[in-house]
Each structure stands twice: as structure tokens, then as C-alpha cells.
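Worth knowing before you read on, the calculation uses all heavy atoms, side chains too, and leaves out hydrogens, waters and symmetry mates. Residue numbers run from 1 in the order of the sequence given.
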Amino acid sequence: MEATDSSLQILVIDDDERHAASVRQVLTALGYHVETEADSTQGLERLRTQPVDILLLDLNMPGYTGLDILHKVQPEKRGIKTIVLSGETDLDQVTPILRLGAYDYLPKPYNPDRLIASVRNAESQLQLERKNLLMQAETEAANQRHEFLVNASPDMIFVLDQDGHFTFINNKLHNIFNYDAQELIGAHWSTIIDPSLRELLRHHMNERRTGDRATRHMEFDYRDPDGKLHVIELSAMGIYQSDDVSSNNFSGTYGIVRDVTETRKTSRVLAQSQQKFYGLFMNSPDAVFISHLDDATLIEGNDNFANMMAEIAKGDLATDFPVWGSAEVRQSFIDGLNRSPSRHQMVLERKLDEGTRVFEITARRLELDGVDCLMASLKDLTAQKEAEQDRLNLETQLAQASKMEAIGQLAGGIAHDFNNILASIIGYSELAMVTLEPDNPAQSHLTEVVSAGQRARDLISQMLTFTRAHRGHAHLTRIDENINEVSRMLRAAIPKMIDIETELDPDLPAVLIDPVQLQQIIINLLINARDAIDGSGRITVKTMLEETQAACASCGTDYTGQYVVLSVRDTGHGIPSHMVAKVFDMFVSTREPGRGTGIGLWLIHTIVHEYEGHIAINSSPTGTEFRIMLPAGERPEPKVAPDTTQDVSRQTPCDGRIVVVDDEVSVGNFIGEVLRNSGYEVAIFNDSGAALSYVAETDDDIALVMTDQAMPQVTGLEIAEAAKSRQPALPVVIVTGYADKADNTRMKQLGVEQLLEKPFRIEALLKAVREHALRSQ
């Protein structure tokens, strides 16, 4: 694990002291120094008077709110990384937090892993910002050193124009030649040199060579007007407007005259400084260039600029027009630069063969040799923009996933309550059927009630499947049964002017797949077909068995073998040919904005290939057919009509009492009545707290505990835990209208014997009792 910076000061401002203590415990365990403050006024004062690196801030507090604190502190403490921990879920409330400079937002109740990751990221960001500040300070210091060395150097530094006249001389000229520097600006270099040395120095002072052929460290003897002999070192190089020395673009000479007798060490420092000065332009991480303001002629560009032009201008470096794409865009930028000559900025989008490139150009005006120029830097923002788009796409995906999770939670709550009602309806109907004579006319009526209750149960199950609240395991599954279930469920979501036709082969082999994911495939295909049809039309669903050899439309892999084929054809507008290869990409959609997220076909691609299947597409302007190929498994066994007769005869009583716990009075009474009619002794509890006390403290002989899971005071798992802790061998059956994965995992850990889902038939109830209560004797 990454080492923690224990010197970081972390402050938690949260009026919920238990929550603040929990956060401090998590972070302190990692080595952080954490302080907490429950009073927002006190917390604001600590922020202003004490060093704080990371602030963990609650949003809604009495006194100063989180927003108030951000308003007051951010202008003064810009270096603080603020992580907001709040139960607020409204994005309109979260957005101002981020605009005020908050580093991150985590919802309550917080996820410890996300909290740790956010603090780690804030720590890394703080370290990076501090390094950047240090580097900026070092750069500023280096620039100041360079200016100092140029003006304070004991050497004579000069620049000549192309004819050999001085355009710049530093103030050290009088140390050797006894001339005032300002007097010589515009004078020829030979003015200060003894006639005997002019011929020797003629090609070196006004240097027309560069590179290895430039004059470097040339030494000669020189006697000043006072008769003192000096050893002088001359370094000079030609200044050219481009790297092509052979062309007629010589613009002058840059040189250094040094008295190496005393100042050789200083000369080395100056050379290094000069190298750094030259590197500011040539070695910039951005693409930098200089061009004429009026005709766009390029004067200079660094290597990064040349590399960028090789991509967008095919190597044309005569003008800067390839940067802009058109003369109109360039002129618009020049107009802005004229209004703000010190600095002007623009973001450019260039459509190139390989795609759209995004550049940020920043420029200033300057004058070179009497010509107005612009010096500009180009920064390629393409990767940054793509990363931003990816982030937005991920946020969209997260929002969609959160929405589906909320729907799943709502569906689970509805399923629990609805299944409780169905358990009473079906159960009491079956009890009534037992008490009536077989030829009583009410028998058929009650049979319809039971049948309707079972259909309602199936509808709830389908709703949970649609919301992905349930996710099972892969097993051999019949496609035709799942198509029929999904079609019935989606019929209300498909307009009546769209007909749905099915041609299903009942003798097809089963396929190895999770039924929930199979239904996800069917649902997305039908919804996709519905949205492709404008007005009236037809959706045809077929299944068949084929020996196929082709290439997959989504992954491109060649496949061959025997597949069960699910075909969904619509009479819609078809898919444009250029989009066929992209429809399985995430967030790609052929629909207009606002209709769909573009993840339906991507989800189908993911699920199908998880089970070694493949996809084919046939599309034209008259409609589209999607063919899902899944590897064939075993052929289905002939269906045997289920035995609907109920054996509710009295059972051999067990030794001990059966404890029934259910906060739904009608369900608890129904279970108790069935068990008493079968000869069992029953204790019924509608108060789960009283039931917990009974199983945890009673010495009565209990043969079986049958308890509902979701109850307001004490859950069924808590009752099971109490029962098992007192009598480890005591059988426990959990009865529930809806159980999630966490419940199932906990049941296995506690050793719960069985999960009985509501609504259940009387025979299923008695079978569970016979199997577990009698086995416990």
C-alpha cells in the first residue's frame, strides 16, 4: 500500500459526531493526523487560524453550512483540498460545491474504500501542486540569475547586425577597450580593435558561420590603451533566420569578448546561462513559432512545431496558414490580438483525415527588424478533450446504473409487500378448498383465485428480472419460455400499431445462460426494434437451430458450429451502412438525442460473448434483423403436467413446538392454521422483538423456527442467529417475499436450513416442516 504522509493535517467538520468519529477512525488507522469539529463556527475559526491540508466537510449543518464555509475559506485557503461528505443527492446542490473549489463529493453513508481513495488522491494532488510551486520558484530564480549574469558579467557581450554594426553591447566594454557602450551602438566593430588585429578578426567578429564552423574560444593577445596586456577569448556565431546556413538569411552576429586571464570561471557560468536562454524557445514542451503578422510568413519554429506541422500541414512550413485552417480564422485571431497585443488566446478545432484535433493557441505581438510579428505557442488538447468526453460518458453510465439500482430497490420493496398479500390470498384460498366438498361450485372459483395469485407472483418475478434486482447463475435455459415471458411484460410498452409475431420452435435445445441476462438480451432487442419503427409496423421474433459458418458482426471473429438462433426483425428505417460497424460501441446510437443511452446493443454484445455466442446483422432501408447465435446445449425434456393436488392431511406430530414469526398478521395466522390442522403445536408471533426474546431465553422444547426476513424491529436473520446461538442444531426456515444476495450469503453463514419464498403453496410449507422439524428429533 502507498505510504501515507503523516504530516498532513486533516480536519473533519460535521455536526454528526458519530459520523465524524467513524471517518477519523478510518483515516487514523492509515496513519493520518485527523482532528474533528462538530460546531461549524468553531470549525471555520480553526480553518482560519490553524494549518489544514485536507478538509472533510458536511454540507447541511446548523450555523454555517458547508456552502457558507466554502464561500468564506476558499479565497483565503486555496491550497486546501475539500472533500464534501453529505447525504445530499440533488445534482443542483452538488454543482455549486464543485464550482466553489471542492475537490471531491462523496455521498453519505460513505464507502470507506471511496473515502480512502479520495483522500489518497487529494494527498497526491497536494504533493504535485507543491512540487509545481517549487519548480516555478526555481524557474523564476533561474531567470533572475540569467538577467543578473548578462548585466553584471565582466565580459563584453555584443550583437552585430549583418553589416557588422553594434546593435547591443553590455556595460562592461570600458573594462578592456575604454569605450562607453552606448557610444558604440550603431558603430562598426573595427572601431574598438587595433588595426593590426582587424584582418585576423575580420571573419570572426562578423561571423557568417554557425554550428561547428562558428568561432568558439578563439584567443588572441590585446594591449589596452594603458599598455596592459590581456589574453582575450572571442566566441561568436552567426544569427540566421532558419537552420539553412547556405541560404541568404544571415541577420547578424552574437559574440562574447572575455578577458580569460581573470574571469574564465565566470565565462563558463555565462555560457550555461546563454544555453538556457536559447533553450527556452527551442526546447519548450509546446509547439512554438514566430511569423509575420501581415503575410503569415514563418520566421522560426521549434522541433515540436515542426513535428505538429508534419501531421496537419504535410510538412509545409512556408507560412502559418496550416495552423488556422483558413485565412478567415487567422484574421479573426489577429483582430483579437490587435485588441490585446500582450496576450490573446483561442481554441481551434481542425478536422483532419484521422479525425478532429483540438488546439489551444496563445500569442503576443512583437517587432522583429521593424516587422510586426506574432509569437505563438500551440498546445494539443485533443487527448484532454477525449478524456473529458470519456469522463462525461462514464458519468452518464454511472447515472444510468444508479437509476436502475434505485428502480431495483423500489421493485424489491414492492415485491416484499405484494408477495405477503399474495401469500394470504393463495393460502386461505387453498384452506377453503380443503374444507369444501369436491363438487362444491366454489371449488372452481377458488381455483381461479389461486391461479390468478400465481400469475401475479410470476409478474412480480418478471418485474424484478427487468430491473435486474435478481441475477441468477447460468444453467440450461429454454429460449421460447423466456421470449413468451418478456413479450407479455413488454406488450404494454410497445404501441398497439406495432404487431409482434412469434415463430418459436418448441423442440430447440436449451442454451447455457443466466435467464436474467437472456431476458436482458430479448428486452433490449425488442425495445431497439420498437424505436426503429415510426408509426405502424411489425416485429417478428423467430427461433431456429442452424449449422452456421460466418464472421461475427460485433467482434469480427470467424465462427462455425451448431447454434440456437434468436432472430428479431423490424420493419423500421434500417441502420445507415457507415454505422453498422459502430452500433455495438458504448454510447453509440442511431436515434435522435434524448431517445436512448446507446448502451443497449453494447450490453447485448457483452452478454452474448460472455456465453461464447455471436451476432449477425442484416439491415436495409426497409428494416433490420438482429440474429443472436448461442451454442446449442441439450434438448428439453418432455413437459409433465404438475401435480396440483394438495396433501393437507394431518402429519405425525413432532416433539416440540413450531415457532412462526411474521409481522403480517394474516400470513402468520394462515401458516399457524395450516400447521395446527396438520397436528403440530404452534406459537405465533407478530412482534419480532417478542419472538427474539422467546427463542433467546425460553427453555421450551422448540422443534423448528419459521420466520419472515423483512420485519420492522428485528429481522429474521437476527432471530435465526439468536436461535442458533442457543441451540446450534435447531432448524430455521426463513420465509420472505424478497431476498437479496446479502441475505442469501448471511443465511449460509448462519446455517439456515431453507429459504421459502412467498407466496408458497400449502404443500411446499408442509414439505419444509416435514423435512426439517421431524429431522431435528
Enclosure of [X] [atom1] (heavy-atom neighbours >12, cutoff 6.0 Å):
{"X": "Gln125", "atom1": "CD", "value": "yes"}
{"X": "Lys108", "atom1": "NZ", "value": "yes"}
{"X": "Glu547", "atom1": "CD", "value": "yes"}

Which pair of heavy atoms, one from [X] and one from [Y], lies closest together, and at what distance?
{"X": "His573", "Y": "Ala532", "answer": "CD2-O, 3.1 Å"}
{"X": "Pro731", "Y": "Lys724", "answer": "CA-NZ, 4.5 Å"}
{"X": "Val732", "Y": "Ala723", "answer": "CG2-CB, 4.4 Å"}
{"X": "Ala529", "Y": "Val568", "answer": "CB-CG1, 4.2 Å"}
{"X": "Leu476", "Y": "Ala510", "answer": "CB-CB, 4.0 Å"}
{"X": "Ser554", "Y": "His605", "answer": "OG-ND1, 3.0 Å"}

**Item:** Ionic contact status for Glu501 with Arg569, cut-off 4.0 Å
**Value:**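 A salt bridge is absent here (no side-chain N lies under 4.0 Å from a carboxylate O).
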**Prompt:** Is the shortest distance from a Lys or Arg side-chain nitrogen in Arg357 or Glu349 to a carboxylate oxygen in the other one below 4.0 Å?
**Reply:**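 Salt bridge between Arg357 and Glu349, a charged N being under 4.0 Å from a carboxylate O: no.
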Could you tell me if the side chain of [Y] sits less than 4.5 Å from the side chain of [X], heavy atoms only?
{"X": "Val26", "Y": "Tyr110", "result": "yes"}
{"X": "Asp708", "Y": "Val661", "result": "no"}
{"X": "Ser567", "Y": "Val541", "result": "no"}
{"X": "Thr624", "Y": "Asn618", "result": "no"}
{"X": "Val705", "Y": "Val733", "result": "no"}
{"X": "Val564", "Y": "Pro509", "result": "yes"}
{"X": "Leu756", "Y": "Ile734", "result": "no"}
{"X": "Arg538", "Y": "Thr540", "result": "yes"}

**Asked** Please walk me through it: do Arg627 and Met544 pass side chain to side chain contact (heavy atoms under 4.5 Å, CB included)?
**Response** CA-CA 10 Å; Arg627 292 165 56 85; Met544 63 207 78; 4.2 Å; yes
**Request:** Before giving the answer on side chain to side chain contact (heavy atoms under 4.5 Å, CB included), spell out for Gln709 and Leu717 the whole-Å C-alpha distance, their side-chain angles and the decisive distance to 0.1 Å.
**Result:** CA-CA 6 Å; Gln709 163 56 11; Leu717 287 176; 3.3 Å; yes
**Request:** Report the relative orientation of the aromatic rings in His609 and His614; use parallel for angles under 30°, tilted for 30 to 60°, perpendicular for over 60°.
**Result:**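 His609 and His614: perpendicular rings.
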**Request:** Apply the test side chain to side chain contact (heavy atoms under 4.5 Å, CB included) to residues Thr571 and Thr622: give CA-CA distance (whole Å), side-chain angles for both, the deciding distance (0.1 Å), then the verdict.
**Result:** CA-CA 6 Å; Thr571 58; Thr622 60; over 6 Å; no
**Prompt:** What's the verdict on side chain to side chain contact (heavy atoms under 4.5 Å, CB included) for Ile521 and Ile513, showing C-alpha distance, side-chain angles and the deciding distance?
**Reply:** CA-CA 11 Å; Ile521 294 173; Ile513 193 171; 4.3 Å; yes
For the [atom1] atom of [X] and the [atom2] atom of [Y], what is their distance to the nearest 0.5 Å?
{"X": "Ile479", "Y": "Leu566", "atom1": "CD1", "atom2": "CG", "answer": "5.5 Å"}
{"X": "Tyr103", "Y": "Asn121", "atom1": "OH", "atom2": "CG", "answer": "4.5 Å"}
{"X": "Phe626", "Y": "Ile628", "atom1": "CZ", "atom2": "CD1", "answer": "8.0 Å"}
{"X": "Gln520", "Y": "Ile607", "atom1": "CD", "atom2": "CD1", "answer": "6.0 Å"}
{"X": "Ser118", "Y": "Leu106", "atom1": "OG", "atom2": "CG", "answer": "4.5 Å"}
{"X": "Cys552", "Y": "Tyr559", "atom1": "SG", "atom2": "OH", "answer": "6.5 Å"}

**Asked** Would Gln517 and Tyr611 count as having a side-chain donor-acceptor pair, cut-off 3.5 Å?
**Response**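 The answer is yes; a qualifying pair exists.
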**Prompt:** Any chance the side chains of Asp505 and Thr543 put a donor and an acceptor closer than 3.5 Å?
**Reply:**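 Short answer, no.
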**Request:** Look at the side chain of Thr382 and the backbone N and O of Val358, then say whether any donor-acceptor pair between them is shorter than 3.5 Å.
**Result:**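 Yes, Thr382 side chain to Val358 backbone: donor-acceptor pair under 3.5 Å.
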**Message:** Closer than 3.5 angstrom, by distance alone: can the side chain of Glu718 be matched with the main-chain N or O of Thr715 as a donor-acceptor pair?
**Reply:**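 Judged by distance alone, yes, a pair lies under 3.5 Å.
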**Prompt:** Step by step, would you call Ser619 with Glu625 a side-chain hydrogen bond (donor to acceptor under 3.5 Å, both in side chains)?
**Reply:** CA-CA 6 Å; Ser619 186; Glu625 179 189 19; over 6 Å; no
**Identified side chain to side chain donor-acceptor pair (under 3.5 Å) partner of Gln519 from the options Asp514, Asn524, Asn482** =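 Looking at Asp514, Asn524, Asn482, the match for Gln519 under the side chain to side chain donor-acceptor pair (under 3.5 Å) is Asn482.
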**Request:** Among Lys767, Gln754, Glu753, find the residue that satisfies the side chain to side chain donor-acceptor pair (under 3.5 Å) test when tested with His772.
**Result:**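 That would be Gln754; it is the only one of Lys767, Gln754, Glu753 passing the side chain to side chain donor-acceptor pair (under 3.5 Å) with His772.
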